[in-house]
Novice: 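I have a structure I would like to understand better, so I am pasting it below and will then ask my questions one at a time.
Whatever order the structure lists them in is the order used to number ligands and atoms, beginning at 1. The chain is numbered in sequence order, starting from 1.
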Amino acid sequence: MKEKISAIGNRFFNAENMPLRLVLFNIVTSGGIVGGNISLLFTVILDIHIIQTFTILVSLLVMYTGFYLANWKDRMEWAATYMVGVITLILYPVVFFSGGGVYSGMGYWFAIAILFNFILLDGLRFYVLLVLQIIATVSCYAAAYFFPNAVTPLKSSAAIIVDMLQSMFILSLVIGVIIRFQNSVYKKSLEKIHRKNEQLKSSEESAERANKAKSEFLSNMSHEIRTPVNAIIGVNQLIMREANDEKIVGYSTTVESHANWLMSIISDILDISKIEEGRIEIVRAEYEICPLMIECYNMIKKRAEDKNLSVNIYLAPDLPHSLYGDVMRIRQIISNLMTNAVKYTEKGCVDVEITGERKNNTFLMKICVRDTGIGIDPENIGRLFDKFQRFDVGRNRNVEGTGLGLHITKTFAELMGGNISVKSEYGEGSEFTVIIPHEIVDGTPIGEFEVTEFAEKKSHRKYTRKFIAPDANILVVDDVRINLYVFENLLKETRINIDRALSGTECIRLLRNKCYDMVFMDHMMPGIDGIETYNYIKNMPDNINSDIPFIMLTANTLSGMDKLYISNGFSDYLTKPIDYEKLENIIVKYLPKEKLIMSDAEVETSEIKTSELSQKSLRLEKLCRLIPEIDVKSGIAYCDGSEEFYIELLKDYPSDNKKAELQKLYHQKNWNDYKLAVHSLKSISKTLGFNATGNLAEKLQYASENRNIGYIDRNHPVLIENLSRITKKLNEFFS
Ligand code: ADP
């Protein structure tokens, strides 16, 4: 019996695997059927009008057929409409008039019918039936009121009371059962939702954990790969430096370009993992547009030349001299777009335009990179900035790429408060535009600036040591042995004495016992890292190396890192893979001058007549010692490699007369003539290698052009002071 009941329950009332509407229909209809049968019983007991008995029988028949249609024929909507319609619009009025009218339980039955309509029907059917039900009910009551004779009254007051009570109980039961059922379904649904939520939460957590693990893996892998690639680039640099055979140099150049390519892929992967983890930080600092554009141009120059593409770079003359922004990210954006333009263009040109709008102290920089390349199919434009998207793979089979560059570019632009857009004509070319807001640091316009004029001219850097320092002692600290090997070999021609340490602890031990002139320290080391080692040494009692410069060696090229290292007490930093020219420059800058013997043969490019400089020039050595900031190399390069000519020109370097003239024009506020005077000073200073003075003169030229008197007032005395110092030193040199 119990099993039968549960089978019936499962078949008709199981809300878990049946539509909820059908279960409700079954509850309501079975309630109606039970109620109908009870009423039938009462009509017999109370000896009610035969018509009523007959009508109840018909109602039962209607409900049975409805039940059948809904459960066996899958026509629940129709069954409900038919039941509610026939019962309320036809049968109820008959029962009403034959079974006591107003003085009976029919009021409750009309209510049940309206309730059924609410529960079982939807949409238009519901509204139409509701209106009809109301009309039918009101009509019945109105007719009973106006034509009382039309109603067959119940036989006694007791019959009226019993009829009312049984109808009321049936209505209460139906409502009660429905509410109970709804509650239990609701409770079950809530539990289900709760369980689902828990499941979702735990799968979300495990997805998050997996994603984090993936990002960490990518980030670790990139760091791990970076170390051997740095070593490859380092050792390859040694090969390129030392090889005399053109063929070997050729092989080595290929290794270099592929290693650099690998490095850029690693950087992209690292960036993507940081983007996914939300760890990208924008580090703003002061920077200048012109050197940045020279760097970007240098990065793609060779590749564009190999493909015979002309690259035109236009910097609007009114661009501010220096800005406040994340130069590293901006460099990545510009070089990504320029590299793509070159990669996806076979013939024609690549145009780069940097323009912008000033508003008070802000500058909306607009970077536009246009090419005459393959263009982008309009249907791919929507996915262009998604990760790992590469298009026209067939056509671009030989073009390397990961599909990450544009995604990274867009993310960086947006993180800096800017945006990127693209216009492209398939087969004709593309134009990418990035807008990045900046703060202006020095609004002096840069003026006409030809980036290509400043591009690196040399193809293969032929190594010539800059100096020798046989009395100097340098300590280099790195946990990767090959890095120490590369470092040592990059400096072997300089005859510096180099000690190596493989850890911070070893470094501390060596510094306790021996005096050094400089320390090069790796940042990321197991155990105590570079900064911790430095702090330990600085606080060491009886430190015999308390005043020596520490240079940070880092693979971390983030902007703002220089500030971090310097604020931690380091004198400077060098990025890995170490560039030997930068390494030598930094040693020249920080090594005690008496230990440096400068070599004049440093001027090495192919365009320079190295033969004239092959013998060590004592004069130049003296000059560098007297005026450390002088860039002899570029000075001699301007003089077509002739040291003699250079020395001759130095004799004519603006003397006290020029200084007096500048002072006079400044005090007269004769800005037109002042501009001309600083302009000529700029040219000669840069030509002769007084770069800092040349740059300052250039800025003063812009300032006088734009009547930026505040800037002139602040910087004119600095220029005069520079001139005095240089003139004094030159006099000393020539005396
Ligand atoms: P990739 O490393 O493949 O160059 P990017 O994210 O930089 O990755 O670019 C995604 C895709 O967009 C490229 O594979 C290429 O199909 C298309 N694309 C990007 N820049 C250009 C362009 N200047 N001209 C034509 N197609 C381009």
Novice: Report the nearest protein non-hydrogen atom to atom 23 (N) of ligand 1: residue, atom name, distance rounded to 0.1 Å.
Specialist: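 For this ligand atom, the closest protein heavy atom is Asp371 OD2, 2.9 Å.
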Novice: Within the structure, does Gly401 bring an N/O atom to less than 3.5 angstrom of an N/O atom in ligand 1?
Specialist: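 No.
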Novice: Can you check whether Gly403 has an N/O within less than 3.5 Å of an N/O in ligand 1?
Specialist: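 N/O-N/O distance under 3.5 Å: yes.
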Novice: Starting from atom 21 (C) of ligand 1, which protein heavy atom do you reach first, and at what distance in Å?
Specialist: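 For atom 21 (C) of ligand 1, the nearest protein heavy atom is Tyr344 CD1, 3.5 Å.
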Novice: Would Lys343 count as a contact residue for ligand 1, given that I'm defining contact as a non-hydrogen atom of the residue lying under 4.0 Å from a ligand atom?
Specialist: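 Flag set, Lys343 near ligand 1.
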Novice: So, Asp478 and Lys576, do they make that salt bridge, N to O below 4.0 Å?
Specialist: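 Looking at Lys576 together with Asp478, the answer is yes, because their closest N to O distance falls below 4.0 Å.
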Novice: Would you confirm whether Ser424, through its side chain, and Gly375, through its main-chain N or O, come within 3.5 Å as a donor-acceptor pair?
Specialist: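 No: the side chain of Ser424 does not pair with the backbone of Gly375.
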Novice: Between the main-chain N or O of Ile232 and the side-chain N or O of Asn236, is there a donor-acceptor pair closer than 3.5 Å?
Specialist: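 Not at all, since once roles are kept as given, no pair shorter than 3.5 Å links the two residues.
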Novice: Please collect all salt bridge (charged side-chain N to carboxylate O under 4.0 Å, His left out) contacts where either partner lies in residues 363-375, sequence neighbours excluded, each pair once.
Specialist: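 Salt bridge (charged side-chain N to carboxylate O under 4.0 Å, His left out) check on residues 363-375 returns Asp351-Arg370, Glu353-Arg370, Arg370-Glu431.
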Novice: Inspect the contact between Arg303 and Glu400 and indicate whether a charged nitrogen and a carboxylate oxygen are less than 4.0 angstrom apart.
Specialist: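 The answer is yes: the pair qualifies as a salt bridge.
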Novice: Quick test: of every protein heavy atom, which one is nearest to atom 26 (N) of ligand 1, and how far off is it to 0.1 Å?
Specialist: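 Protein heavy atom at minimum distance: Ile376 CG1, 3.5 Å.
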Novice: Centre-to-centre under 6.0 Å for His321 and Phe449, is that the case here?
Specialist: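 Ring centroids of His321 and Phe449 are no less than 6.0 Å from each other.
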Novice: Sequence neighbours left out, what passes ring-ring contact (aromatic ring centres under 6.0 Å, His included) with His258? Give chain and number order.
Specialist: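 Only Trp261 meet the ring-ring contact (aromatic ring centres under 6.0 Å, His included) criterion with His258.
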Novice: Quick one: nearest non-hydrogen protein atom to atom 16 (O) of ligand 1, plus distance?
Specialist: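 Minimum-distance protein heavy atom for atom 16 (O) of ligand 1 reads Phe391 N, 3.1 Å.
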Novice: Using a plain distance cutoff, I'd like to know if Asn340 has any nitrogen or oxygen under 3.5 Å from a nitrogen or oxygen of ligand 1.
Specialist: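 The answer is yes, given that Asn340 and ligand 1 share an N or O pair closer than 3.5 Å.
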Novice: What protein heavy atom lies closest to atom 6 (O) of ligand 1? Include the residue and the distance to one decimal.
Specialist: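 Result for atom 6 (O) of ligand 1: Leu406 N, 2.7 Å.
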Novice: Around atom 2 (O) of ligand 1, find the nearest protein heavy atom and jot down its residue, atom name and distance.
Specialist: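 Here the closest protein heavy atom is Thr402 N, 2.9 Å.
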Novice: How close does the nearest protein non-hydrogen atom get to atom 11 (C) of ligand 1, and which residue and atom is it?
Specialist: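 Of every protein heavy atom, Gln389 O, 3.5 Å lies nearest to atom 11 (C) of ligand 1.
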Novice: Have a look at Leu337, Thr339, Leu384 and point out the one with the heavy atom closest to atom 12 (O) of ligand 1.
Specialist: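 Among Leu337, Thr339, Leu384, the closest heavy atom to atom 12 (O) of ligand 1 belongs to Leu384.
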Novice: Non-hydrogen atoms of Gly375 versus ligand 1: any pair closer than 4.0 Å?
Specialist: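 It does, in that a heavy atom of Gly375 comes within the 4.0 Å cut-off of ligand 1.
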Novice: Could Glu414 and Lys410 be called an ion pair, given the rule that one side-chain N must be under 4.0 Å from one carboxylate O?
Specialist: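 Yes.
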Novice: Using a distance-only test with no angle check, is there a side-chain donor-acceptor pair under 3.5 angstrom linking Gln332 and Asp271?
Specialist: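 Yes - a donor-acceptor pair under 3.5 Å links their side chains.
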Novice: Mind checking whether Phe432 has a heavy atom under 4.0 Å from ligand 1?
Specialist: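 It does; at least one heavy atom falls under 4.0 Å.
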Novice: With heavy-atom distances below 4.0 Å as the criterion, list the atoms of ligand 1 near Leu404.
Specialist: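 Contacts of ligand 1 toward Leu404, numbered from 1: 6 (O), 8 (O).
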Novice: Of all the non-hydrogen atoms in the protein, which one sits nearest to atom 3 (O) of ligand 1, and at what distance?
Specialist: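 For this ligand atom, the closest protein heavy atom is Arg390 NE, 2.5 Å.
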Novice: Do Arg284 and Glu439 sit within salt-bridge range, that is, some charged N less than 4.0 Å from a carboxylate O?
Specialist: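 The answer is no: the pair does not qualify as a salt bridge.
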